[in-house]
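Working notes, structure below.
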2 protein chains.
Amino acid sequence: MIRVLLVDDQHLIRAGLRMLCDAQPDIEVVGEADNGRDAVSLAARLIPDVVVMDLRMPGVDGITATSRILADRPGTRILVLTTFGDDDHLYPALTAGACGFLLKDAPPADLLDGVRKAAAGDSPFSQEVLRRLVQRAVDARSDTPRPVEGLTAREQDVLNLVAEGLSNTEIAEQLHIGITTVKTHITSLMTKTGSDNRVRLALFARGA
Amino acid sequence: MIRVLLVDDQHLIRAGLRMLCDAQPDIEVVGEADNGRDAVSLAARLIPDVVVMDLRMPGVDGITATSRILADRPGTRILVLTTFGDDDHLYPALTAGACGFLLKDAPPADLLDGVRKAAAGDSPFSQEVLRRLVQRAVDARSDTPRPVEGLTAREQDVLNLVAEGLSNTEIAEQLHIGITTVKTHITSLMTKTGSDNRVRLALFARGA
DNA sequence: CGCTTCCTCCTACCTGGGTAGGAGACGGAA
DNA sequence: TTCCGTCTCCTACCCAGGTAGGAGGAAGCG
């Protein structure tokens, strides 16, 4: 039997979820909360397997509640169920330790499936959210590999030192060349990398 | 009926998949290929709904084949099915346009489910892969500027923008304050953080 | 041999970054 | 109330950073 705690500030949503869950032979709703603070204390007392958590709530929000519950009992599976799947909700929730993220417009079967998956150690995500997740992961990847084709050996040397935060003078000393030479290389680096100031150049070199 | 093209260099795997699919009323295997080149030409001729694609193959690999098939017919759903779920396989595959990524140790039911999901426009992922995906997305988030002790709120604002590579003028515009104010904050930031130039300040903010 | 690329360095110039020191306004704490 | 910290902005100054353009030497290549 999967013990579930429902957290949502809207009474109707909780009622709907409870009805849905109670109709299942393997899922049992052991408690409800309409705000983050109650959610934390209830979770501590009831020790549910899965917490179905809304994010936007009065007082303590869902993100904070998630962190606190997990700080207390790290094994708890917290499944976020919310209306908004944008980045500002998704990533804080995942960072806080939520194991899944479903949108409220998901069909009931997906919700129940999500609860079961969460309890089983899996990570249920709505398709829409999943797409966003993949996109970000791919983006993050395509940012890192900066082969920086077309840089000469010397330019690469200078770029590395710029990335370390050295001044032109320091770079000149380090490489045993004149400061004007350093400037020459840097100007060329800027145009080649499309940076218009030194910090951006440094960030570029670091793949950021 | 979902028309499927199987691509894998191991005959046994193909045989197993074919048997599995043929037992389903809604899935039809329309062709097989044991290398990337054949996969591309077969896909062009058979126009399958879903391509189940292995990555490690002799000759043209699965990533390249995926790119080529999608270049020809962008609507094709390509579901990667491979033994290895590490980053070096996962991200290139997603970048190439694969819609899902399953591991070969997945239970048969998950495979069939994956094919159906892929055909329906969803993105099936093995749990293990999904975990990795979430991790990376979260990581990519968390390497944004980190808060530093002892800084005033406004200084923190300025520091974050310095860390992004903005110039003083850009920062002033962004925060709707004067450029001299920005300079004041930056001077204070430099002394507080012990940086003696702007790049080091930016690196400090990024925790480097 | 010319040709090209790269590395080196130069002058001259301008702008942005950074320092020094001061000042007015505001809000909270003593 | 006074005092302190923060945020705001100022002037004035200096210098590092960045641009423009040119030039000589070394190495590789057709």
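Residue numbering restarts at 1 for every chain, and letters A, B, ... go by the order of the sequence lines. From a predicted model like this one, the values you see are computed outputs, not experimental measurements.
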Does atom CE of A/Met1 have more than 12 heavy-atom neighbours from other groups under 6.0 Å away?
yes
Spacing of [X] atom [atom1] relative to [N] atom [atom2], expressed in whole Å:
X	N	atom1	atom2	answer
B/Arg200	C/dG18	CZ	P	12 Å
A/Asn197	D/dA16	CG	C1'	14 Å
A/Arg198	D/dT19	CZ	C1'	14 Å
A/Lys192	C/dT5	NZ	P	11 Å
B/Met190	D/dA16	CE	C1'	11 Å
A/Glu155	C/dT5	CD	C1'	11 Å
A/Leu201	C/dG17	CG	C1'	16 Å
A/Ile186	D/dA20	CD1	P	15 Å

In terms of side-chain heavy atoms of [X], which of [options] is nearest?
X	options	value
A/Thr181	D/dC7, C/dG18, C/dC9	C/dC9
A/Ala153	D/dG18, C/dC7, C/dG18	C/dC7
B/Lys183	D/dG18, C/dC7, C/dG18	C/dG18

Quick one: does B/Thr184 reach the base of D/dC7 with a side-chain donor-acceptor pair under 3.5 Å?
no
Side-chain N or O of [X] less than 4.0 angstrom from OP1 or OP2 on [N]?
X	N	value
B/Thr187	C/dG18	no
B/Thr152	D/dC7	yes
A/His185	C/dC6	no

Would you call [X] and [Y] a salt bridge, taking side-chain N to carboxylate O under 4.0 Å as the test?
X	Y	answer
A/Lys192	A/Glu155	yes
A/Asp9	A/Arg14	no
B/Asp54	B/Lys104	yes
B/Asp196	B/Arg200	yes

CZ of A/Arg132 to CZ of A/Phe125, rounded to nearest 0.5 Å, is 12.5 Å
Name every residue in residues 166-180 of chain B that has at least one heavy atom under 4.0 Å from any atom of DNA chain C, in order of residue number, or write none if there are no such residues.
B/Ser167, B/Asn168
Verify whether one side chain among A/Asp38 and A/Ser41 offers a donor that lies under 3.5 Å from an acceptor in the other.
no
